Amino acid sequence: STKASPKDKEIVRDYFNSTGFDRWRRIYGEGSDVNRVQRDIRTGHQQTVDYVLNWFKNDKNAVNQTVCDAGCGTGSLSIPLAAMGAKVYASDISEKMVGEGKSRANDPENPVFEVKDLAALSGQYDTVICLDVLIHYPDLDSEVMIAHLASLAKSRLILSFAPKNPYYVLMKKVGDMVPGPSKATRAYLHKESDVRRVLQKLGFTIKRKEFTATSFYFSRLIEAVRN
Ligand code: SAM
């Protein structure tokens with residue numbers, strides 16, 4: 001099916017509060033308590049985070065910019081972004097992920113962390129960021145989520161997602177056949193052309209993009225600016 005039921009969202013939340021939390025807290029950490037696959041994913045994810053941080057660095061506009069990091073996980077992006085001077089509001093549907101993010105941050109006031117479904121976010125931010133979250137949702141849900149995130153963005157929306165093309169569809173099929181703890185949630189790939197169409201419809205233009213691919217991690221990163 002292409003539409004996730006509220007139950008699917010509960011499954012994602014429960015996963016990131018239990019086995020998913022344990023797995024991703026380690027992947028998004030620095031410890032040696034990861035296997036080869038997890039280490040590869042750690043490297044790939046860090047690349048995506050670094051691309052975003054470098055956009056801020058090169059533009060020299062992090063200071064005092066307001067940023068909403070939706071689905072912030074353990075704060076991999078939010079914490080360094082706050083250290084660069086941005087005012088970061090970091091939220092996640094999983095209280096465990098948010099708790100871990102809080103414990104990793106040095107400044108108790110920035111980022112401001114909150115447990116929240118991104119569909120329930122409100123307010124206006126210079127930049128809204130949502131990294132590696134859409135992989136948990138099918139097309140229609142993703143479209144609704146992108147539209148909501150766009151409504152919070154004064155000038156810019158930064159998204160990353162696992163791109164759908166014949167090669168990755170095949171990779172995913174093979175991966176799905178291999179049993180393992182990471183299979184607790186479904187992974188959804190998204191066509192870049194679909195994401196671009198949604199953004200255009202919302203009045204955004206893609207300004208920069210990047211792609212990260214390691215052996216087990218692949219993510220298309222897009223910066224879209226309001227027309
Ligand atoms: N964005 C972070 C990063 O790149 O380091 C975390 C990525 S992790 C693969 C996906 C995160 O999305 C999890 O922390 C999960 O709890 C969160 N998430 C999933 N569905 C969400 C929703 N509807 N609203 C907010 N967060 C959500």
Side-chain angles (χ1 to χ4, degrees), residues 3-30 34 37-38 40-53 67-82 88-105 111 113-123 127-138 140-149 152 157-162 181-190 210 212 214 216-222:
K3 183 100 175 82
S5 65
K7 187 142 190 318
D8 291 332
K9 198 180 262 181
E10 271 172 43
I11 290 169
V12 172
R13 190 196 57 209
D14 292 349
Y15 169 72
F16 279 104
N17 273 329
S18 55
T19 53
F21 170 66
D22 188 54
R23 173 183 161 86
W24 290 98
R25 157 184 78 73
R26 284 183 284 111
I27 292 175
Y28 294 158
E30 284 167 357
V34 284
V37 173
Q38 293 167 338
D40 175 89
I41 296 171
R42 175 191 280 175
T43 303
H45 172 259
Q46 188 59 47
Q47 182 68 252
T48 296
V49 168
D50 286 344
Y51 279 134
V52 177
L53 293 174
V67 175
C68 169
D69 184 11
C72 63
T74 58
S76 306
L77 175 73
S78 279
I79 294 169
L81 207 49
V88 183
Y89 169 62
S91 60
D92 196 285
I93 200 169
S94 156
E95 58 185 88
K96 289 278 218 164
M97 296 297 265
V98 167
E100 181 70 15
K102 270 186 194 164
S103 78
R104 289 183 186 187
F113 281 98
E114 192 174 15
V115 181
K116 205 164 217 168
D117 178 351
L118 68 83
L121 293 175
S122 60
T127 298
V128 175
I129 307 179
C130 187
L131 296 189
D132 296 355
V133 176
L134 297 177
I135 189 165
H136 301 298
Y137 296 95
L140 280 179
D141 293 277
S142 293
E143 185 165 345
V144 172
M145 289 167 121
I146 293 171
H148 184 62
L149 293 171
L152 311 172
L157 181 57
I158 295 174
L159 296 172
S160 74
F161 57 94
S182 64
K183 307 296 163 353
T185 59
R186 276 190 68 179
Y188 296 91
L189 308 179
H190 299 287
E210 293 290 354
T212 306
T214 60
F216 300 98
Y217 174 96
F218 45 99
S219 188
R220 163 63 77 197
L221 176 71
I222 279 177

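Order of appearance sets the numbers: ligands from 1, and atoms from 1 within every ligand. Computed from a predicted model, the values in this text were never measured in an experiment.
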Taking only heavy atoms of [X] into account, list the atoms of ligand 1 that are under 4.0 Å away from them.
X	answer
Gly73	2 (C), 6 (C), 14 (O)
Phe16	10 (C), 13 (C), 15 (C), 16 (O)
Leu131	1 (N), 2 (C), 4 (O), 7 (C)
Tyr137	19 (C), 20 (N), 21 (C), 22 (C), 23 (N)
Asp132	7 (C), 8 (S), 9 (C), 10 (C)
Met145	23 (N)
Ser76	5 (O)

Looking only at protein heavy atoms, which one is nearest to [atom], and how far off is it?
atom	value
atom 24 (N) of ligand 1	Leu118 N, 2.9 Å
atom 6 (C) of ligand 1	Gly71 O, 3.4 Å
atom 16 (O) of ligand 1	Asp92 OD1, 2.6 Å
atom 3 (C) of ligand 1	His45 NE2, 3.2 Å
atom 27 (C) of ligand 1	Ile93 CG2, 3.4 Å

Could you see which bit of [X] sits under 4.0 Å from ligand 1, with heavy atoms only: side chain, backbone, both or neither?
X	answer
Cys72	backbone
Trp24	neither
Lys116	backbone
Val12	side chain

N or O contact, [X] vs ligand 1, cut-off under 3.5 Å:
X	value
Asp117	yes
Met97	no
Val133	no

- prompt: Is the backbone N or O of Val67 less than 3.5 Å from a side-chain atom of Thr127, with the two atoms forming a donor-acceptor pair by type?
  reply: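 Judged by distance alone, no pair lies under 3.5 Å.
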message: How about NZ on Lys102, more than 12 heavy atoms from neighbouring residues, nucleotides or ligands closer than 6.0 Å, or not?
response: no
Which heavy atom of [X] sits nearest a heavy atom of [Y], and at what distance?
X	Y	result
Ser76	Val49	O-CG1, 3.7 Å
Phe21	Asn17	CB-C, 4.1 Å
Leu134	His190	O-NE2, 2.9 Å
Leu121	Ser91	CD2-OG, 3.4 Å
Tyr28	Thr74	CB-OG1, 3.4 Å
Val88	Ser78	CG1-OG, 3.4 Å

message: Any donor-acceptor pair under 3.5 Å linking the side-chain atoms of Asp141 with those of Tyr188?
response: no
message: For a quick check under 3.5 Å, do Thr48 and Tyr217 share a side-chain donor-acceptor pair by atom type?
response: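 Yes.
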message: Distance check, rounded to the nearest 0.5 Å: Phe113 atom CZ versus Asp69 atom CG?
response: 8.5 Å
message: I'd like to know if Tyr28 contacts ligand 1, where contact means a heavy-atom distance under 4.0 Å to any ligand atom.
response: yes
task: Give a yes/no verdict on whether any heavy atom in Tyr15 is under 4.0 Å from an atom of ligand 1.
output: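 Flag not set, Tyr15 not near ligand 1.
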- prompt: Taking the six-membered ring where the residue is Trp, are the ring centres of His136 and Phe16 under 6.0 Å apart?
  reply: yes
- prompt: Using 4.0 Å as the upper bound for N to carboxylate O, is an ion pair formed by Glu100 and Arg104?
  reply: yes
